[in-house]
Structures are given as structure tokens and as C-alpha cells.
Amino acid sequence: MPELPEAETIARGLRRYLVGKKILQITARVPSLRRPLNLIKLRTGAVGKKVVAVNRRGKAIIIELSGKRAILIQLGMTGACKLCPEQEALNKHDHVIFAVSGKLSLRFEDIRRFGMLESFQLDEEASWPEFLKTLGPEPLEKGFSGEYLHTITRKRKTAIKTLLLNQRSVAGIGNIYASELLFRAHIRPGRAAGRLKLAECEKIVEQTRKVLKEAIKAGGTTISDYKGVDGNAGKFDRKLRIYGKAGKACEACGGTIKRIVQTGRATFYCPVCQK
DNA sequence: AGACACCCCTGAGAGC
DNA sequence: TGCTCTCAGGGGTGTC
């Protein structure tokens, strides 16, 4: 499900209600998500601690706690964080429940269980989840520039879309926005990354920023099951120009939108507009 | 090193 | 109605 804009929307929602609250207890209703849940480590790291901040890194949400502890939440394909009154009935796929002061309940719901929850020490990089250590620059920050993209792509034969999906290149771009931003940048997803000119890399960076910012404004994308902390769906799906539109007319040129598969993931593009 | 295929899991929708 | 098949926003692992 969630890419950067969805994670950002969730992080903002959590921040608003969670900062200053105390984690009272953590319970799990399944033994594992993507990996076995280390409930003991989660509890030792978080129970009794106060929420200091809620941040986002790429597609992941980081709940910062007192004592420099933190919880990393990776949403996977179908993960969602919901905040509700503690007495509210549990849903079938509410897998991990955080009891929070003020009679609140933070619930991690995840139909496909591709998500991950990990506890770590913020000021000890050695304790960080591997995923965090290797994550590329934030696409909305200065580190992600045309020059950066140009540099890391030299001699790379990988398709540009595949490279953008790799979280080590840049953090937070997922399958939907990868198609959308390449459409807006007029670049074919199958182009060898190493053959892109500096000006094209700049265009990609510019359109990445634009599309992500627009999506954050709209509260994320809803394909089927994305929800914000309050259960509200995002509205960006109404703004998608290319994703999921195979066989339909390109809004820019009227040409027919194509669907291809790259490393097992669907890609959509306009063969006329994108070179 | 880097580029893939495959796997984890449930549910929705299409087609028969 | 109910079966079977395909597909789905992520990312870790193993193999060539």
C-alpha cells in the first residue's frame, strides 16, 4: 500500500495525538508479521516510555520515545496505523495493539502481514534496523538532486524505474509514484539509468518532488485499502494520470497507455509522451 | 557487484 | 453460487 505520502499522512496524524502520551502496554495477536515479532524487545524498549516525536523516513514511520528509544513501523503493502478509544472493538487484522495513556489505543492493522515493527536505540546506530542504515536520501530534501541522481546512475544498466524503486537510491518512492513521476518527466520507465543525461535527472527530481508534495496535500493515495489514522481514505487516486490506466487514452496526447512488467511489478507509461 | 526470481500473506475481481 | 486464476502499493533472501 503505502508510499512516502501515505506514510507522511499517517505520521502527521499520529504526531498530533500521540506526542506526550505514554505507552502503557503492547500486545500482539499474531506471532509474526513479515518476520517474527520480538514482543519482549518491543515491550522492554517502549512500555513506560513517553512519545517524544513521530517522524517519517522514506516509507517508514518512526515513533521516538523518551530515553532515546524508538519504534520503526514499516507498513508493507497493507499496513495501517489507527488511533481509537481503547474500548473500540478490534478488527480481524488488528495485529499489534499499543495501549496509550488517555484511554487510547494505537492499532497496527495489516491484512497481508508484510509490515514490520522493530524497536531500537536512536543514538546507537549499531542497533538500527538494517533497512534504516541503508536508506537513500529523502526525496523532498536537498540530498536528492539532479546531480546526485546523475552520479549514482553512471554505468548502471538497470531501468530507471527499477532504480527509483530501490530504497537505497532514494527513500520512499513506490510503484505508483514511480510511474506517475516518470510520466510527468516524459521519460520511459525502461530507459537504462546510466544513459540519462543530467538535464533528465534534474527533470526526474523536480517531478518527484512535485508529485509527492501534491499527494501529501491530498492525504495519500487510495487504491483499495489505504486509510489515515482516523480511517479516512486519501484522495490522490483521483489525480493519478497513468497508474492503472492501461488501454486508456493518455490525457496529454490521446495515445494509448501501456502496461509492462519490470522486475515483477506493473509499470504504466505513454509510449508517445515518454522518450 | 548487480540483476533477477521468488517468497512472505490475504482478499478482490474476473471468468467460467 | 462457487470454483480457479490473476493481481495487488513492499522488501528480504538466495542464485546466477
Side-chain angles (χ1 to χ4, degrees), chain A residues 1-10 28-37 56-61 72-81 91-96 108-118 128-136 139 152-182 189-194 208 211-212 215-216 218-228 233-240 242-247 259-268:
Chain A
M1 167 203 80
E3 305 185 25
L4 185 150
E6 293 73 34
E8 179 65 28
T9 304
I10 292 170
R29 302 165 76 212
V30 288
S32 57
L33 297 169
R34 178 74 173 77
R35 292 172 165 172
L37 269 169
R56 177 194 57 73
R57 182 78 173 91
K59 303 172 191 175
I61 292 159
L72 177 80
I73 304 178
Q74 280 183 266
L75 300 159
M77 292 270 237
T78 52
C81 292
N91 282 348
K92 184 177 173 191
H93 298 290
D94 287 346
H95 299 315
V96 183
F108 181 70
E109 178 189 44
D110 188 1
I111 296 169
R112 290 173 75 181
R113 276 181 269 146
F114 287 175
M116 285 185 256
L117 290 186
E118 287 171 89
W128 292 11
E130 208 51 36
F131 173 82
L132 260 193
K133 292 187 203 166
T134 58
L135 213 46
I152 66 159
T153 50
R154 292 314 86 191
K155 293 183 183 167
R156 297 290 300 274
K157 290 179 189 163
T158 318
I160 182 60
K161 192 252 190 173
T162 307
L163 184 130
L164 290 171
L165 277 186
N166 185 340
Q167 301 301 295
R168 295 173 189 215
S169 316
V170 51
I173 298 175
N175 207 36
I176 294 182
Y177 297 110
S179 280
E180 291 296 321
L181 75 92
L182 287 171
R191 289 272 300 280
T208 301
V211 77
L212 293 179
I216 290 170
T221 299
T222 300
I223 292 290
S224 56
D225 47 19
Y226 165 72
K227 277 178 276 174
K235 297 185 182 73
F236 195 75
D237 60 320
R238 290 176 220 151
K239 292 191 180 176
L240 294 178
I242 198 94
Y243 186 86
K245 298 192 187 295
R259 176 188 188 274
I260 57 170
V261 174
Q262 293 178 288
T263 52
R265 318 290 301 272
T267 302
F268 300 86

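Here the structure is a predicted model, which is why all the values come from computation and not from measurement.
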#### Entry: Stacking check A:Phe114 vs B:dC8 (5.5 Å / 30 deg)
yes
### Task
Return the 5'-most residue of the pair A:Met116, A:Ala266 with respect to DNA chain C, ranking by each residue's nearest nucleotide.
A:Ala266
### Message
So if I take every side-chain heavy atom of A:Arg112 and compare against C:dG12, B:dC9, C:dG10, which nucleotide ends up nearest?
### Response
B:dC9
### Query
Think A:Tyr177 has a side-chain N or O under 4.0 angstrom from the OP1 or OP2 of C:dG9?
no
### Any A:Arg259 side-chain nitrogen or oxygen under 4.0 Å from OP1 or OP2 of C:dA8
yes
### Query
Between A:Asp110 (CG) and B:dC8 (C1'), how many Å, whole number?
11 Å
### Message
As a test of reading the structure: which of C:dA8, C:dG11, B:dG11 is closest to the side chain of A:His93, going by heavy atoms?
### Response
B:dG11
## Note on the structure
Side-chain atoms of A:Arg113 come closest, of B:dC9, B:dG11, C:dG12, to B:dC9
### Query
Expressed in whole Å, how much space separates the P atoms belonging to C:dT6 and B:dC6?
14 Å
### Query
Do the side chains of A:Leu164 and A:Leu181 get nearer than 4.5 Å, heavy atoms only?
yes
### Message
So A:Ile10 and A:Ile73, do their side chains get closer than 4.5 Å, heavy atoms only?
### Response
no
### Message
What's A:Glu130 touching, base or sugar-phosphate or nothing? Going by heavy atoms closer than 4.0 Å.
### Response
nothing
### Summary
Taking C:dG12, C:dG9, B:dG11 as options, the one with an atom nearest any side-chain atom of A:Phe131 is C:dG12
Between protein and nucleotides 3-7 of chain B, what N or O pairs are separated by less than 3.5 Å?
from	atom 1	to	atom 2	distance (Å)
B:dA3	OP1	A:Thr158	OG1	3.3
B:dA3	OP2	A:Arg156	NH2	3.3
B:dA3	OP2	A:Thr158	OG1	2.4
B:dA3	O5'	A:Thr158	OG1	3.4

### Task
Look at A:Gln167 and C:dG11 and indicate whether a side-chain polar atom (N or O) is within less than 4.0 Å of OP1 or OP2.
yes
#### Entry: Under-4.0 Å side-chain N/O to phosphate OP1/OP2 contact, A:Arg35 with C:dG12
no
#### Entry: For atom CG of A:Asn166 and atom P of C:dG10, their distance in whole Å
12 Å
### Query
Within the structure shown, what part of the strands sits under 4.0 Å from A:Arg168 by heavy-atom distance: base, sugar-phosphate, or nothing?
nothing
### Query
Nearest of B:dG11, C:dT13, C:dG11 to any side-chain atom of A:Ile111?
B:dG11
### Query
With a cut-off of 6.0 Å (strictly less than), are more than 12 heavy atoms of other residues, nucleotides or ligands near NZ of A:Lys133?
yes
### Stepwise side chain to side chain contact (heavy atoms under 4.5 Å, CB included) test for A:Arg34 and A:Gln74
CA-CA 10 Å; A:Arg34 178 74 173 77; A:Gln74 280 183 266; over 6 Å; no
### Task
Go through B:dG11, C:dG9, C:dG11 for me and flag the one nearest to the A:Lys92 side chain.
B:dG11
### Message
Using side chain to side chain contact (heavy atoms under 4.5 Å, CB included), reason through A:Thr78 and A:Glu109 one step at a time and then give a plain yes or no.
### Response
CA-CA 8 Å; A:Thr78 52; A:Glu109 178 189 44; over 6 Å; no
### Query
Given Watson-Crick or G-U pairs with both distances under 3.5 Å, what dot-bracket string fits DNA chain B, with | for other-strand pairs and [ ] for crossing?
.|||||||.|||||||
### Query
Do the side-chain N or O atoms of A:Gln74 get closer than 4.0 angstrom to the phosphate oxygens (OP1, OP2) of C:dG10?
no
